[in-house]
Amino acid sequence: VLDTYGTNEFGSIAAECSYKTGMHVFEDAFILEINDPETGAPKAAGEHGVVALTSLFKYAAPMVRFNTNDISALAPGGPCPCGSTHRSILKIYGRHDNMVKLRGVNIFPEAIGALVAENANSNGEYVCVVETAQPVGREEMTVFVEVADRAVPKPDLETVLAARLKEALGVTLAVKAVDGGGLDAMTGLSQASKIRRLIDKR
C-alpha cells in the first residue's frame, strides 16, 4: 500500500496499490459516490465532485450518504492489474468548502500549493487572497509565496509562477513573492494548529 484515503468518521476507505491506477475503494465496507456539489447528481468517471460515503458496518449512528466535502473523481478504466475489481478514485484535489469560483473557474488552494511547491525557488509556503477590485468590481486572486532564499529574484519567481498557474488552472492570478517567514501573520503557521491558505475579502 502506497497511499490511503480516509476521514475521521470512517477511518481508511481506500488504498493505492503499487500499480498507481488510483486508490481502490473498500467497496465491501463502503458505498462511495462522487456527486455534483450543487445538485447531488452523480458524476461520470474522471469528473470532479464531492465524495459521499455510506458505511455498511456502522454500529452506532448510521452514516448514509455522508458528504465529506472532499473533491475527487472516479478513476476511468476497468479492473486494476493488481487483480482488484473494486472501483478506484483519483487523488483528493481539495475541499469543496475551500473552493473559490473565480471568473467561472473552480480553484482549490491545495492545487495552487502543489504548483508552488514544484518551484525550487519557493520554500512552499503560500496563501491565496481573494478580493473585489474596484472600481470595476472584478474578482481577483493574489497568491502570496515565500522565496526559498533571499538571493532569489522576487520578480522572476512571480513571473514564472504566474505563467505556471495560468497554464495549469486556466485563469490569470497575480503572484507576490515575499521573504521566508513573511506570510506567517497571514497563514498563522507558527501560532495556530490550522494553517490558513485562503483569505476571502469579498
Side-chain angles (χ1 to χ4, degrees), residues 1-102 104-118 124-128 130 165 168-171 187-189 192-200:
V1 173
L2 300 180
D3 195 10
T4 58
Y5 166 63
T7 71
N8 290 335
E9 293 81 4
F10 292 93
S12 296
I13 64 163
E16 185 179 53
C17 72
S18 59
Y19 288 93
K20 298 184 179 182
T21 59
M23 288 183 283
H24 303 315
V25 179
F26 304 144
E27 291 191 290
D28 54 344
F30 303 100
I31 297 173
L32 180 143
E33 304 169 62
I34 303 292
N35 297 327
D36 185 284
E38 306 302 329
T39 67
K43 288 286 192 177
E47 295 182 344
H48 293 185
V50 292
V51 177
L53 293 171
T54 298
S55 174
L56 301 179
F57 298 98
K58 187 72 173 179
Y59 296 106
M63 291 288 187
V64 179
R65 304 194 77 191
F66 176 80
N67 181 6
T68 67
N69 258 330
D70 290 333
I71 300 291
S72 187
L74 292 171
C80 178
C82 76
S84 173
T85 57
H86 291 188
R87 293 184 305 165
S88 297
I89 56 172
L90 302 178
K91 67 180 183 177
I92 303 302
Y93 296 96
R95 299 271 304 166
H96 179 249
D97 47 8
N98 276 351
M99 185 186 76
V100 176
K101 197 157 194 171
L102 192 70
V105 178
N106 294 334
I107 299 175
F108 299 95
E110 293 88 349
I112 290 175
L115 296 170
V116 170
E118 288 178 357
E125 289 301 322
Y126 73 99
V127 64
C128 307
V130 184
L165 293 172
L169 304 177
V171 64
T187 63
L189 181 62
S193 59
K194 187 173 182 180
I195 302 170
R196 297 180 71 190
R197 296 303 185 187
L198 175 66
I199 300 174
D200 196 335

Residues L56 and D28: closest non-hydrogen pair is CD1-O, 3.9 Å
Heavy-atom nearest pair, L189 first then I195, reads CD1-CD1, 3.2 Å
Closest non-hydrogen contact found for T187 with Y126 is CG2-O, 3.8 Å
message: Any non-hydrogen side-chain atom of T4 less than 4.5 Å from a side-chain atom of M23?
response: no
Minimal heavy-atom distance between E27 and T85, with the atoms involved, is OE1-O, 4.5 Å
Report yes if some heavy atom in the side chain of R65 is under 4.5 Å from a heavy atom in the side chain of N35; otherwise report no. yes
- prompt: Is there a donor-acceptor pair closer than 3.5 Å between any side-chain N or O of T68 and the backbone N or O of V51?
  reply: yes
>> I'd like to know if the side chain of H86 reaches the main chain of F26, judged simply by a donor and an acceptor atom lying under 3.5 Å from each other, with no hydrogens or angles considered.
In response: no
Tightest non-hydrogen contact, residues F30 and S55, listed as CD2-CA, 4.1 Å
Rounded to the nearest 0.5 Å, the NZ atom of K20 sits from the NZ atom of K91 at a distance of 13.0 Å
- Task: Output, in order, the C-alpha distance, side-chain angles, deciding distance and verdict of side-chain contact (heavy atoms from CB on, under 4.5 Å) for M63 and L53.
- Result: CA-CA 7 Å; M63 291 288 187; L53 293 171; over 6 Å; no
Value for CD (E16) from CG (L90), rounded to nearest 0.5 Å, stands at 10.0 Å
Review point. Would L74 and V25 satisfy side-chain contact (heavy atoms from CB on, under 4.5 Å), going step by step from the backbone distance to the final call?
Key: CA-CA 10 Å; L74 292 171; V25 179; 5.8 Å; no
side-chain contact (heavy atoms from CB on, under 4.5 Å) between I71 and V50, intermediate numbers included: CA-CA 5 Å; I71 300 291; V50 292; 3.6 Å; yes
In terms of heavy-atom contacts, C80 and C17 come closest through SG-SG, 3.6 Å
Donor-acceptor contact present, side-chain S72 to main-chain I92, <3.5 Å: no
